[in-house]
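Everything below concerns the one structure shown next.
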Amino acid sequence: MTDLEICKRIAEIEGISDYIFINYDYNPLTDKALCFDLMVKHKVDTEWWGDELGAYIPVNDGEIHDKNPQKAICLAIIEAHKG
């Protein structure tokens, strides 16, 4: 997924549909406070594996690993909301 696709999917999960807002103001990949709020809201657990962060929601199988912690958290939220 591209960064824009990640932001759009997170916004969709959060019920945000304003395309302009998503493109310019809603970016949990760069906004650490927003990402932290999402992490708490969606109960994302994290664990470092060397230089990568493993992020997961306990009810799901598997972890998402990425060197960018915010990306790992966002991808774990997206994974939990598949289907």
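Nothing fancy with the numbering, it's 1 onward along the sequence. Remember, predicted model here, so these are calculated numbers, not experimental data.
Looking at E12 and H81, their side chains never come closer than 4.5 Å, going by heavy atoms from C-beta outward. Under the 4.5 Å side-chain criterion, counting only non-hydrogen atoms from C-beta, I64 is not in contact with K71. Looking at heavy atoms from C-beta onward, K41 lies out of side-chain contact with D37 at the 4.5 angstrom threshold. Side chains of L29 and C74 form a contact here, defined as non-hydrogen atoms less than 4.5 Å apart. Proximity of I57 to D45: side-chain heavy atoms (C-beta onward) are nowhere separated by under 4.5 Å. The side-chain heavy atoms of L38 and I10, taken from C-beta on, include a pair separated by under 4.5 Å. Here the side chains of K8 and Y26 are not in contact, with every heavy-atom distance at 4.5 Å or above. For the pair L53/I73, a side-chain contact is recorded, criterion being any heavy-atom separation below 4.5 Å from C-beta on.
Summarising the geometry, atom OG1 belonging to T46 is positioned 9.5 Å from atom CD belonging to E63; distances are rounded to the nearest 0.5 Å. Taken to the nearest 0.5 Å, the SG atom of C35 stands 6.5 Å off from the CD1 atom of I77. Residue Q70 holds its CD atom at 12.0 Å from CZ of F36, rounded to the nearest 0.5 Å. Remark: R9 CZ to K82 NZ distance equals 9.5 Å, nearest 0.5 Å. For the atom pair NE2 (H65) and CG (D51), the distance works out to 11.5 Å, reported to the nearest 0.5 Å.
Looking only at atom types and distance, the side chain of E14 has a donor-acceptor partner in the side chain of H42 under 3.5 Å away.
At distances below 3.5 Å, at least one donor-acceptor pair connects side-chain atoms of E5 with backbone N or O atoms of T2.
Under the 4.5 Å side-chain heavy-atom criterion for grouping Ile, Leu, Val, Met, Phe, Trp and Tyr, L75 is connected to W48 within one hydrophobic cluster.
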